[in-house]
Q: 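Below is one structure. I have some questions about it.
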Amino acid sequence: MIAYVDSSVLLRLALNQPKPLKEFSSIQQGISSRLIRAECLRTLDRLFSLEKISESNQRLASLFLFKAFDHLELISVDDVLNNVGNPMGLSLGTLDAIHLFSALKWQ
């Protein structure tokens, strides 16, 4: 299966959160925006600084994420950013729009 993967999918798995994506192990080709790395690692850092996760859990989650990043085809954000600000008639935040345009670029 080919799938676009966003940070919520990886973080749910990395942090052993409930309801992870069941199909994750079936993904043969994962695609995402380069943005995913910053989103995931910033989230771990924020959770650690707020004392929501321990240092060892942060380390384990980081190891999982770096392995996952190595298996994703990452789409450059540079080209995508040129289109994100264009009107599209959708109520999307900036990060969601970057992910949407990244998936469309890959398509």
Q: Check F64 against A14 and note the closest heavy-atom contact, atom names and distance.
A: CD2-CB, 3.5 Å
Q: S32 and L72: which non-hydrogen atoms are nearest, and at how many Å?
A: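 Answer, listing the atom of S32 first, then L72: CB-CD1, 4.3 Å.
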Q: Is it possible for you to say whether W106 and I27 belong to one hydrophobic cluster, with membership spreading through side-chain heavy-atom contacts below 4.5 Å?
A: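 Not linked; separate clusters.
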Q: Applying side-chain hydrogen bond (donor to acceptor under 3.5 Å, both in side chains), name anything that partners Q29, two or more places apart in sequence or on another chain.
A: E73
Q: Does L50 share a hydrophobic cluster with L41, counting links as ILVMFWY side-chain heavy atoms below 4.5 Å and allowing steps through other members?
A: no
Q: Salt bridge between D45 and R42, side-chain N to carboxylate O under 4.0 Å?
A: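 Answer for the salt bridge query: yes.
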Q: Is L13 reachable from L35 through a run of hydrophobic residues whose side-chain heavy atoms are each under 4.5 Å from the next?
A: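 L35 does not cluster with L13.
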Q: In terms of hydrophobic clustering (I, L, V, M, F, W, Y; side-chain heavy atoms under 4.5 Å; direct or indirect links), are I75 and I98 co-clustered?
A: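 The answer is yes; both residues are in one hydrophobic cluster.
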Q: Are L90 and L100 close enough, and set up right, to give a side-chain contact (heavy atoms from CB on, under 4.5 Å), and what steps lead you there?
A: CA-CA 11 Å; L90 299 172; L100 173 63; 4.1 Å; yes
Q: Who passes side chain to side chain contact (heavy atoms under 4.5 Å, CB included) against N16, sequence neighbours left out?
A: none
Q: Name all residues meeting the side chain to side chain contact (heavy atoms under 4.5 Å, CB included) criterion together with S7; count only those two or more places apart in sequence or in a different chain, and write none if there are none.
A: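 If we apply the side chain to side chain contact (heavy atoms under 4.5 Å, CB included) test to S7, skipping adjacent residues, the hits are L11, I36, E39, C40.
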Q: Kindly work out whether a path of hydrophobic side-chain contacts (I/L/V/M/F/W/Y, heavy atoms less than 4.5 Å apart) joins F66 to L63.
A: no
Q: Who passes salt bridge (Lys or Arg N to Asp or Glu O under 4.0 Å) against R12, sequence neighbours left out?
A: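 For R12, no residue satisfies salt bridge (Lys or Arg N to Asp or Glu O under 4.0 Å) once neighbours in sequence are set aside.
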Q: To the nearest 0.5 Å, tell me how far N82 CG sits from K105 NZ.
A: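 Here the interatomic distance stands at 10.0 Å.
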Q: Please list, chain by chain and in numerical order, all residues satisfying side-chain hydrogen bond (donor to acceptor under 3.5 Å, both in side chains) with T94, sequence neighbours excluded.
A: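 T94 satisfies side-chain hydrogen bond (donor to acceptor under 3.5 Å, both in side chains) with no other residue.
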Q: Do the non-hydrogen side-chain atoms of V80 and S33 ever get within less than 4.5 Å of each other?
A: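 No, every pair of side-chain atoms sits at 4.5 Å or beyond.
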Q: For residues L15 and A61, report the shortest heavy-atom separation together with the two atoms involved.
A: CD2-CB, 4.0 Å
Q: So, do I31 and I2 sit near enough that their side-chain heavy atoms are less than 4.5 Å apart?
A: yes
Q: Between L10 and F24, is any pair of side-chain heavy atoms under 4.5 Å apart?
A: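 Yes; the side chains approach each other to less than 4.5 Å.
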Q: State, to 0.1 Å, how close R37 and F69 come at their nearest heavy-atom pair, and which atoms those are.
A: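 That closest heavy-atom pairing would be CA-CZ, 3.6 Å.
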Q: Anything under 30° is parallel, anything over 60° is perpendicular, the rest tilted; go ahead and classify Y4 against H99.
A: perpendicular
Q: Please report the interatomic distance CG(L60) to CG(L65), rounded to the nearest 0.5 Å.
A: 11.0 Å
Q: As an exercise, state the distance from CD1 of I53 to CZ of R59, rounded to the nearest 0.5 Å.
A: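 Result: 11.0 Å between the selected atoms.
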Q: Which heavy atom in L74 sits nearest to a heavy atom in R34, and how many Å separate them?
A: CB-CG, 3.8 Å
Q: Would you please name every residue forming a side chain to side chain contact (heavy atoms under 4.5 Å, CB included) with S49, sequence neighbours left out?
A: none
Q: Working to the nearest 0.5 angstrom, can you tell me the gap between S62 OG and N57 CG?
A: 10.5 Å
Q: Please check if atom CD in E55 has more than 12 non-hydrogen atoms from other residues, nucleotides or ligands closer than 6.0 Å.
A: no
Q: For atom CD of Q17, decide whether the heavy atoms of other residues, nucleotides or ligands shown that lie under 6.0 angstrom number more than 12.
A: yes
